[in-house]
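In what follows, chains carry the letters A, B, and so on, assigned in the order in which the sequence lines appear, proteins first and then strands, with residues in each chain numbered from 1.
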There are 2 protein chains.
Amino acid sequence: MSENVVQRLRDEIENGIISNDFAPGARLDEVQLATRFGVSRTPVREALMQLNAIGLVEIRPRRGAVVIDPGPHRIFEMFEVMAELEGLAGSLAARRFTDADRTTILAAHADCERSFSAGNSDAYYYDNERFHKAIYAASHSGFLAEQCVALHRRLQPYRRLQLRVRNRVATSFAEHGAIVEAILAGDAEQARTLLRQHVSIQGERFSDLVATLASR
Amino acid sequence: MSENVVQRLRDEIENGIISNDFAPGARLDEVQLATRFGVSRTPVREALMQLNAIGLVEIRPRRGAVVIDPGPHRIFEMFEVMAELEGLAGSLAARRFTDADRTTILAAHADCERSFSAGNSDAYYYDNERFHKAIYAASHSGFLAEQCVALHRRLQPYRRLQLRVRNRVATSFAEHGAIVEAILAGDAEQARTLLRQHVSIQGERFSDLVATLASR
DNA sequence: GTCAACATTCTTGCATACAAGATTTATCAT
DNA sequence: ATGATAAATCTTGTATGCAAGAATGTTGAC
């Protein structure tokens with residue numbers, strides 16, 4: 001199944017945080033997690049250390065680990081950086097994409113269209129992720145792709161909230177269309193600009209985010 | 001002395017990697033490190049887990065930890081991302097800098113000038129770091145600043161190599177001047193462009209890097 | 001009834017122990 | 001002498017144990 005216990009624990013706990021099973025600010029008790037996953041405290045601690053290094057968990061000396069709660073402002077900052085990285089990925093993709101990349105991007109885009117037309121916003125969420133990953137891959141920068149995936153993952157819960165906003169799926173899909181066009185046309189600067197705008201949460205979208213966060 | 005043993009170990013080992021005491025590809029033996037630092041294996045393992053999560057160390061199941069060796073191509077990719085993040089920091093700084101930020105930036109720039117005039121490239125290296133950190137701070141994005149500092153740190157050894165190249169210090173300082181001008185003039189786009197160019201290693205600078213790497 | 005000081009309990013931090021997989025070494029056959 | 005196989009050794013992965021600091025509960029004074 002999995003490589004080893006620690007990696008599995010790391011993923012499980014990380015997923016728990018991402019999916020809000022472990023809410024921001026929640027204490028992560030070592031023995032509790034250990035019994036829950038049927039292991040001893042040692043691998044749990046090692047997993048928590050990793051999450052600490054990534055910035056998902058804070059470890060206060062002698063007082064245990066808690067899930068980090070990035071306030072609205074920090075979430076905004078994270079989207080800001082994400083927008084920049086996606087923009088870079090787009091511009092590189094426009095210059096470097098191969099035939100295989102084009103196929104993958106178009107396939108993901110087509111799936112988005114299907115989910116959008118079906119009004120299935122959960123499916124759209126999944127396809128949207130594939131679409132963006134296709135662009136990371138087309139950038140042909142392994143490091144950039146890793147950074148993007150990691151940040152994308154951390155922002156997942158908030159992105160999900162965003163899609164609930166009325167008409168957001170329609171807008172998102174329309175933006176995807178323009179992005180695909182720019183990339184396949186090889187227009188790096190246009191791809192960069194469009195992706196940056198697509199990802200960043202400016203103006204009222206930020207207000208929406210804050211409002212949705214508050215009402216949890 | 002320090003908060004706890006694990007954090008101290010993490011820093012010590014990380015410094016060892018950055019400063020090339022632990023060369024890329026080197027095996028990091030747990031008991032060896034434990035005895036060296038006078039602790040047991042447990043905190044050593046926890047520190048290694050953290051470094052693994054950051055991407056400095058690879059842990060192969062049942063076969064121990066080794067220092068990751070990012071080949072020239074990946075180093076280039078890392079500089080590419082760094083350039084983008086610095087560009088963002090510059091553009092934000094141009095829009096958001098306060099009086100205190102201006103003072104800090106100008107002070108760091110002045111120190112760079114002193115070290116450059118004195119022909120002291122080691123001192124310049126240190127002042128250069130302060131200069132860039134001043135810009136991160138002026139961006140007023142905590143998350144961006146953290147990302148920049150982390151990546152800056154990982155690229156430290158290669159940046160150091162770069163400065164050895166003939167005339168690189170002079171060029172660097174001249175670029176700094178233009179960057180300061182753009183930021184203080186509030187010209188976000190100009191600041192972004194200049195910083196991006198300043199950081200990225202295009203063309204012959206990449207060849208220089210590869211050559212220097214090979215001759216280690 | 002409330003607050004504070006003290007004792008108890010709980011949790012973390014690190015060390016040690018033990019088992020299982022990997023590596024090295026030694027022996028034997030060809 | 002070389003290659004393969006097996007034994008011994010070494011290393012990692014996980015569990016457990018113990019001590020010290022934090023959290024909690026209790027008792028007593030006002």
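- Regarding A:F37, its CZ atom lies at a distance of 16 Å from the C1' atom of D:dT14, rounded to whole Å.
- Neither OP1 nor OP2 of D:dA23 sits under 4.0 Å from any side-chain N or O of A:R27.
- Protein atom CD of A:Q32 is 14 Å distant from nucleotide atom P of C:dC10, rounded to whole Å.
- When the C1' atom of C:dG13 is taken as reference, atom CZ of B:R10 falls 18 Å away, rounded to whole Å.
- The B:D29 side chain lies nearest to D:dT11 when the options are C:dA15, D:dT14, D:dT11.
- Closest to the side chain of A:R63, from the set D:dT12, C:dG13, D:dA23, is D:dA23.
- A donor-acceptor pair under 3.5 Å links the side-chain atoms of A:R154 to the main chain of A:G55, judged by distance alone.
- Along DNA chain D, the nucleotide nearest to A:R60 and the one nearest to B:I59 differ in position, and the one closer to the 5' end is contacted by B:I59.
- Which of D:dG17, C:dT16, D:dT14 sits closest to the side chain of A:S40 comes down to D:dT14.
- When heavy atoms are screened at a 4.0 angstrom cut-off, A:R62 is found touching base atoms of the nucleic acid.
- The separation between A:E30 atom CD and C:dT11 atom P is 10 Å, rounded to whole Å.
- Distances shown here put every side-chain N or O of A:R45 at or beyond 4.0 Å from the OP1 or OP2 atom of C:dT12.
- Distance CG (A:L33) to P (D:dT14): 16 Å, rounded to an integer number of Å.
- D:dA19 atom C1' lies 16 Å from atom CG of B:N4, rounded to whole Å.
- Side chain to side chain, B:Y126 and B:S115 fail the donor-acceptor criterion of an N or O pair below 3.5 Å.
- Side-chain contact between A:L213 and A:I75 is present, with heavy atoms from C-beta onward closer than 4.5 Å.
- Counting non-hydrogen atoms under 4.0 angstrom, B:E46 reaches nothing in the nucleic acid.
- Between the side chains of B:E86 and B:Y136, a donor-acceptor pair is found at a separation under 3.5 Å.
- Contact annotation: the side chain of A:F131 never approaches that of A:S172 to less than 4.5 Å [non-hydrogen atoms, C-beta and beyond].
- Counting to the nearest Å, the P atom of C:dC14 and the CZ atom of A:R41 are 11 Å from each other.
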